[in-house]
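Take a look at the structure below.
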Amino acid sequence: MIDHLLSGLFLVAGLALFVWHRYCLYVARYELTALQHAILRDPLTGLANRAGLVDAWTQLAALRPWVVVLDLDGFKPVNDTHGHAAGDVVLTAVAQRLRRVHGVSARLGGDEFAALLLDANPATAARQLAAAIAAPVALPSGVAVSVTASIGLAPASPSGLAAALADADAAMYRAKSTRAGVVAFDPLRDDHATTDPRPALRVRDLAPAVGVGR
């Protein structure tokens with residue numbers, strides 16, 4: 001009887017160890033997946049970050065998405081008048097509106113965003129996005145604020161994401177300087193100069209990351 005009891009105890013102990021091992025394996029895989037997800041996401045908005053945009057490009061490049069660079073106009077006065085917490089509310093609201101695009105949206109940093117558009121009419125989609133972003137945002141204080149967006153569009157480049165982003169960046173600067181709202185890249189009108197009065201734009205910092213991602 002003692003032998004049967006010991007056998008039972010060993011069986012229970014073995015089963016417990018097996019279950020514990022499976023549980024630990026599950027937790028490890030879950031934590032790894034969560035870590036990988038966090039590495040590719042902007043912590044404030046939940047959109048893809050730079051690395052996430054590169055990852056999305058590797059998956060969507062064959063579909064030749066249009067590349068969008070978007071910069072907010074009127075965002076600094078929101079920060080200066082209502083504080084950085086209010087600015088975060090605006091950025092989060094803009095991110096929610098960016099999620100409507102057919103494709104992948106990303107926050108490059110500050111008030112600059114990007115997207116890979118899988119749309120038959122990217123210019124129309126960009127204008128709809130600009131209209132959505134211009135809608136008022138209600139702050140926790142009850143005050144409503146508004147920002148607008150300057151948007152540059154560029155087709156997928158054979159040279160890769162960095163080149164397409166640079167083209168979209170140049171178009172975005174023309175949209176901003178002319179207050180046109182949405183502009184498609186035109187190699188005869190847009191250049192990639194970074195001299196004054198044009199500010200250095202953050203998308204240029206993405207080029208090394210794209211090289212690493214390949």
Side-chain angles (χ1 to χ4, degrees), residues 42 45 47-50 52-75 91 93-135 146-207 209-211 213:
D42 172 60
T45 64
L47 296 180
N49 57 17
R50 297 164 185 261
L53 189 66
V54 173
D55 183 69
W57 173 263
T58 62
Q59 300 178 48
L60 299 177
L63 301 177
R64 300 192 63 77
W66 278 69
V67 177
V68 173
V69 169
L70 181 158
D71 192 79
L72 298 183
D73 301 312
F75 178 73
L91 292 174
V94 169
Q96 289 297 328
R97 296 164 190 181
L98 272 164
R99 292 180 192 277
R100 303 175 189 175
V101 304
H102 181 206
V104 175
S105 302
R107 182 185 178 211
L108 298 181
D111 61 343
E112 191 168 56
F113 298 83
L116 305 179
L117 275 185
L118 299 171
D119 200 291
N121 195 330
T124 297
R127 285 192 290 270
Q128 292 172 342
L129 179 59
I133 289 172
S146 297
V147 295
T148 56
S150 295
I151 299 177
L153 294 166
S157 170
S159 300
L161 176 59
L165 277 170
D167 290 345
D169 174 23
M172 186 277 291
Y173 177 71
R174 178 157 59 93
K176 184 178 286 291
S177 62
T178 61
R179 300 185 179 181
V182 177
V183 164
F185 177 70
D186 180 350
L188 299 180
R189 302 179 65 184
D190 302 314
D191 61 47
H192 305 97
T194 57
T195 55
D196 291 337
R198 181 178 186 180
L201 295 176
R202 288 177 293 275
V203 295
R204 306 195 184 284
D205 298 334
L206 192 66
V210 175

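All heavy atoms count here, side chains included; hydrogens, waters and symmetry mates do not. Since we're looking at a predicted model, the values are computed, not measured. Numbering starts at 1 and runs along the sequence shown.
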With sequence neighbours left out, the residues meeting side chain to side chain contact (heavy atoms under 4.5 Å, CB included) with S146 are P136

Could I get the full list of side chain to side chain contact (heavy atoms under 4.5 Å, CB included) partners for R127, not counting sequence neighbours? A123, T124, V182

Please round to the nearest 0.5 Å and tell me the distance separating atom [atom1] of [X] and atom [atom2] of [Y].
X	Y	atom1	atom2	answer
F185	L153	CZ	CG	12.0 Å
E112	M172	CD	CE	5.0 Å
R107	L47	CZ	CG	9.0 Å
D111	L91	CG	CG	7.0 Å
Y173	T178	OH	OG1	10.0 Å
L63	L117	CG	CG	12.5 Å

Looking at [X] and [Y], what are the two nearest heavy atoms and their distance?
X	Y	value
P122	D119	CD-O, 3.5 Å
L53	L161	O-CD2, 4.0 Å
A164	A154	O-CB, 3.6 Å
A156	R64	O-NH2, 3.0 Å
I151	A175	O-CB, 3.7 Å
L98	L70	CD2-CD1, 4.2 Å

Side chain to side chain donor-acceptor pair (under 3.5 Å) partners of [X], counting only residues at least two apart:
X	value
T45	D42
R174	D190
D186	none
S105	none

For the side chain to side chain contact (heavy atoms under 4.5 Å, CB included) test, which of L72, T148, D73 pairs with I133? L72

Pick one: which of L165, V67, V104 meets side chain to side chain contact (heavy atoms under 4.5 Å, CB included) with W57? V67

Under the side-chain contact (heavy atoms from CB on, under 4.5 Å) rule, what do V68 and V101 come out as? Steps first, then yes or no, please. CA-CA 11 Å; V68 173; V101 304; over 6 Å; no

Spell out, as yes or no, whether a donor-acceptor pair under 3.5 Å connects the side chain of R97 to the backbone of A135. yes

